[in-house]
Number of protein chains: 2
Amino acid sequence: MRLTHKQFRELAAKHGLPVTHQRQVVYEAVIASHRHHSPEDIYAAVRRRIPSISLATVYNNLRLFIECGLLREVTPHASTLRVDGNLEPHHHLVCSRCKSVQDIEGDFIDLKRLSRQLPGGFDLSQPLIEVFGLCRSCSAKK
Amino acid sequence: MRLTHKQFRELAAKHGLPVTHQRQVVYEAVIASHRHHSPEDIYAAVRRRIPSISLATVYNNLRLFIECGLLREVTPHASTLRVDGNLEPHHHLVCSRCKSVQDIEGDFIDLKRLSRQLPGGFDLSQPLIEVFGLCRSCSAKK
DNA sequence: TATTGAATAATAACTATTATAAAACGAGCG
DNA sequence: CGCTCGTTTTATAATAGTTATTATTCAATA
């Protein structure tokens with residue numbers, strides 16, 4: 001706990017982010033458990049230490065942390081359903097910022113090696129792979 | 001247009017899905033344009049042919065098509081934000097059904113080849129790759 | 001033609017998230 | 001030590017996307 005405490009102060013300083021008690025606690029809650037969290041999970045955990053905290057604060061700070069690179073977003077995606085009628089094997093290149101999607105050929109993947117790394121029982125019979133990054137116009141803006 | 005007409009009937013038959021006029025038109029709207037659509041886009045397109053169609057019907061049928069494998073879902077994701085505090089390079093194995101996420105090592109990716117396939121200007125300085133499939137318990141249920 | 005079950009339309013309800021406005025905080029300065 | 005200004009937090013309202021509900025329509029069959 002002491003460790004993440006210090007770790008957060010350093011990260012925040014590096015990104016020019018003022019440290020507040022709420023931010024400290026939110027960050028520690030994310031790090032404390034090693035799984036992938038939803039805002040509600042984090043809200044619940046943080047409330048045990050700051051009962052008065054508001055859900056909006058959790059959202060605000062998570063987003064801030066993601067923007068600054070203190071945290072990563074899992075599957076950064078459009079907030080709405082997208083469908084693809086192309087059933088031919090292909091994969092997607094997704095912009096983490098504007099969520100645009102382009103198709104990409106899949107031959108950069110070593111399926112044999114990937115299968116070897118899979119946990120038992122994981123079914124990859126129709127593998128779909130998404131590569132996240134920043135599209136040209138978003139990386140230009142940055 | 002005739003082609004997707006027939007294509008849909010065959011696909012539907014293969015999956016034991018009764019063909020209705022609405023389904024036919026929804027499917028054709030997805031295929032007609034080659035991008036990745038939101039339900040609202042599709043709703044707008046379909047309304048030009050069936051003005052009385054309901055948004056719910058579009059949702060229902062898209063979901064049905066995804067379930068049956070007539071369409072793929074782009075970025076199958078939990079309906080809520082997920083956050084990951086682990087900044088070490090690693091990737092994710094995501095279950096398309098239950099949306100659970102596990103970490104996975106990334107050495108099945110040929111980054112050199114991937115970079116060669118990237119469209120100009122795409123920034124992959126912090127590559128994040130997600131592999132979608134079915135986790136053990138979901139593939140058992142199936 | 002009457003019956004039955006599935007699909008659709010219309011709309012209400014729900015959930016996750018964002019926006020807004022007011023209150024509290026906190027660093028810097030007199 | 002108290003004031004002030006900008007930031008953060010809180011509380012809550014608003015919104016967007018999606019799902020659920022229910023009545024209606026349709027299509028197939030007896």
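First the proteins, then the strands, lettered A, B, ... as listed; each starts at 1.
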Atom CD1 of B:I53 and atom P of D:dC26: how far apart are they, to the nearest Å? 14 Å
Please check if the side chain of B:H37 supplies one atom and the backbone of B:V30 the other of a donor-acceptor pair under 3.5 Å. yes
Test A:D107 against B:R113 for side chain to side chain contact (heavy atoms under 4.5 Å, CB included), laying out the working first. CA-CA 8 Å; A:D107 52 7; B:R113 189 176 287 211; 4.1 Å; yes
Working to the nearest 0.5 Å, report the span between CG of A:L118 and CG of A:L111. 9.5 Å
Nearest 0.5 Å, please: how far is CG in B:N86 from NE2 in B:H92? 7.5 Å
How many Å lie between CG on A:L62 and P on C:dT18, as a whole number? 10 Å
I'd like to know if the side chain of B:S54 and the backbone of B:A56 have a donor-acceptor N/O pair within less than 3.5 Å. yes
Would you mind telling me which of D:dT10, C:dA9, D:dT18 lies closest to the side-chain atoms of B:P39? D:dT18
Given atom CG of B:L17 and atom P of C:dT8, what is their separation to the nearest angstrom? 10 Å
Counting side-chain heavy atoms from C-beta on, which of C:dA16, C:dA19, D:dT9 comes nearest to A:Y59? C:dA16
Using a cut-off of strictly less than 4.0 Å, decide whether A:N61 has a side-chain nitrogen or oxygen near OP1 or OP2 of D:dT9. yes
Rounded interatomic separation in angstrom, taking CG from A:L81 and P from D:dA16: 18 Å
Return the value, rounded to whole Å, for the distance between atom NZ of A:K99 and atom P of C:dT17. 12 Å
Select from B:S79 and B:T20 the residue whose nearest nucleotide in DNA chain C is closer to the 5' end of that strand. B:T20
Nearest of D:dT9, D:dT10, C:dA9 to any side-chain atom of B:Q22? C:dA9
Measure CG/B:N60 against P/D:dG17 and give the value in whole Å, please. 18 Å
Can you tell me which nucleotide in D:dT9, D:dT19, C:dA9 comes closest to the side chain of A:R23? D:dT9
Choosing from D:dT9, D:dT19, C:dA9, which nucleotide comes nearest the side chain of B:S52? C:dA9
Could you tell me the separation between the CG atom of B:L55 and the C1' atom of C:dT8, rounded to a whole number of Å? 13 Å
Calculate the interatomic distance between B:H21 atom NE2 and D:dA28 atom P; express it in whole Å. 14 Å
When you measure from the side-chain N and O atoms of A:R63 to the phosphate of C:dT18, is any distance below 4.0 Å, counting only OP1 and OP2? yes
Classify B:T80 by what it touches in the nucleic acid, base, sugar-phosphate, or nothing, heavy-atom distance under 4.0 Å. sugar-phosphate
Selection from C:dT17, D:dT10, C:dA9 that lies nearest to any side-chain heavy atom of B:S54: C:dA9
Would you indicate which nucleotide in D:dA11, C:dT17, D:dT9 comes nearest to any side-chain atom of A:A56? D:dA11
